[in-house]
Amino acid sequence: MALGFSVWCCALLFLCGLWTRAQDIPPYTEDCRTGTYPPSGPTFKGNVTWYTINLDLPPEERWNKVVNDKKKEIAGLVKLFKDVIQTFDPTGIAIGMVDFQLPFLLDSIPYPFNEEIQGIADASGIPLGEIILYHLLYEMASCTSIIAEDKKGRMFHARNLDFGYFFGWDIKHSAWILNRALKPLLLNIDFQKKKKTVFKGVTFAGFAGVLTGIRPKAFTLSMNARGGPNDELMGILEWFFGVQKPLVGFLMRSVLENATSYKEAKTELEKTKLITPGYFALGGKSGEACVITHDTEKTVDVWELDVKQGMWYLLQTNYDHWLEPFFMDDRTTPAMKCLNRITQKNISFSTLYDVLSTKPVLSKLTTYTSLMSVADGTLETYVRDCPNPCLPW
Ligand SMILES: *[C@@H]1O[C@H](CO)[C@@H](O)[C@H](O)[C@H]1NC(C)=O
Ligand SMILES: *[C@@H]1O[C@H](CO)[C@@H](O)[C@H](O)[C@H]1NC(C)=O
Ligand SMILES: *[C@@H]1O[C@H](CO)[C@@H](O)[C@H](O)[C@H]1NC(C)=O
């Protein structure tokens with residue numbers, strides 16, 4: 001199954017690459033956008049709705065309202081995922097494993113996520129194995145994260161979540177199938193204890209983890225994938241066969257829920273193992289920001305903000321910061337150009353949204369843009385679209 005997936009993905013990426021190269025590149029990139037905020041126009045598909053998750057409830061009950069509201073959309077995406085697996089494995093053995101083997105893995109998922117997943121399965125009426133499979137999907141996000149400090153020492157954290165080449169291209173809508181299916185599931189969540197916010201995060205309905213989050217007055221956190229689909233599928237297979245490592249969305253939630261400072265969060269993120277390699281972008285108060293580069297076993301690099309030396313922002317896409325980005329997917333150079341033009345004095349939600357709205361930083365894969373300010377405790381999330389002409393990734 002893994003091999004089928006990878007060969008297919010590579011072939012697809014190669015063909016798209018040829019296609020892109022064959023056309024003129026210029027229409028797919030543009031000069032730094034300005035005045036895009038507050039969001040409007042064709043690259044803005046709507047606000048993301050807020051839900052509250054009460055952490056004082058038993059884990060099985062926490063997601064009931066979300067699942068009840070989004071039952072149809074969750075079932076639709078799970079079915080899409082199963083159809084893709086079926087295409088690669090018409091014998092049905094793989095789907096059989098999902099329904100009969102995956103449920104046993106619930107025991108290896110730590111509390112409270114095991115019970116939350118059981119609750120989501122119960123509330124949605126979708127078999128447990130398929131809900132576990134659905135959680136594995138979120139190991140595969142790629143993205144752009146920016147942490148920047150302005151002249152007044154205010155720290156901003158912004159990100160695009162780019163997601164969705166795994167299921168192929170929808171020719172009619174000129175969009176990635178998965179990307180389109182994910183957008184209606186997007187949610188902002190306010191996680192509360194005793195009716196007070198502990199942290200906020202962005203997630204997809206039916207998924208108990210978060211991939212973007214803020215603990216007000218303490219830290220902000222986002223995750224970007226490192227390595228290709230092969231690393232991701234290998235990691236998932238390993239996990240499937242019982243290698244005990246945390247899913248990244250759960251790890252992030254644990255850190256947001258239980259670490260009370262930037263320092264504590266950094267220590268937790270540095271020492272963890274991961275099922276797929278990744279980058280964590282972590283921001284705190286003035287002077288506190290870093291990108292932690294991880295392989296599956298350990299931290300390989302910690303890149304720190306250094307405002308005194310003129311390094312007032314950190315920009316992370318899906319390539320190691322000490323290497324040149326892949327030439328067909330260079331979002332680093334254009335984003336840096338825009339940030340340098342904006343200057344430290346003028347950095348804000350508005351200018352960061354401009355950067356993340358500039359093609360090719362914005363692409364057909366971009367699902368959402370989030371803006372966070374740790375001092376104000378604010379999180380804003382916007383659903384994105386990239387009308388033609390736009391690069392597929
Ligand atoms: C999104 O939210 C903003 C601010 O709350 C509001 O002004 C705007 O009308 C909303 N847009 C849509 C499309 O719902
Ligand atoms: C946070 O820590 C508490 C106490 O150790 C634990 O019960 C809880 O499950 C943790 N939360 C997460 C999300 O891991
Ligand atoms: C920064 O903002 C000021 C006013 O807010 C504006 O006059 C100036 O042109 C901006 N500078 C840049 C480089 O955008």
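When a ligand or atom number is given, it counts from 1 through the structure's own listing order.
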query: How are the rings of F280 and H294 set to each other: parallel, tilted or perpendicular (split at 30° and 60°)?
result: perpendicular
query: So, E304 and K266, do they make that salt bridge, N to O below 4.0 Å?
result: yes
message: Parallel, tilted or perpendicular: which one describes the rings of H135 and F207, with boundaries at 30° and 60°?
response: tilted
query: Charged N to carboxylate O below 4.0 Å: is that the case for R226 and D320?
result: yes
query: Is at least one protein non-hydrogen atom found at under 4.0 angstrom from atom 5 (O) of ligand 1?
result: no
message: As a test of the contact definition, would atom 2 (O) of ligand 1 count as having a protein heavy-atom neighbour under 4.0 Å?
response: yes
message: When you measure from the heavy atoms of F113 to every atom of ligand 2, does any distance fall below 4.0 Å?
response: yes
query: To the nearest 0.5 Å, what is the distance between NE2 (H157) and CG (L371)?
result: 10.5 Å
- prompt: With only distance considered, is R253 within less than 3.5 Å of ligand 2 through an N or O on each side?
  reply: no
Atom 11 (N) of ligand 1: nearest protein contact (heavy atom, Å): N47 ND2, 3.0 Å
statement: atom 7 (O) of ligand 2 has as its nearest protein heavy atom Y111 CE2, 4.5 Å
message: Once rounded to the nearest 0.5 Å, what's the spacing between atom NZ of K71 and atom CD1 of I126?
response: 9.0 Å
- line: Residue, atom and distance of the protein heavy atom nearest atom 14 (O) of ligand 2 read S254 OG, 3.0 Å
Sub-4.0 Å protein heavy atom next to atom 9 (O) of ligand 1: no
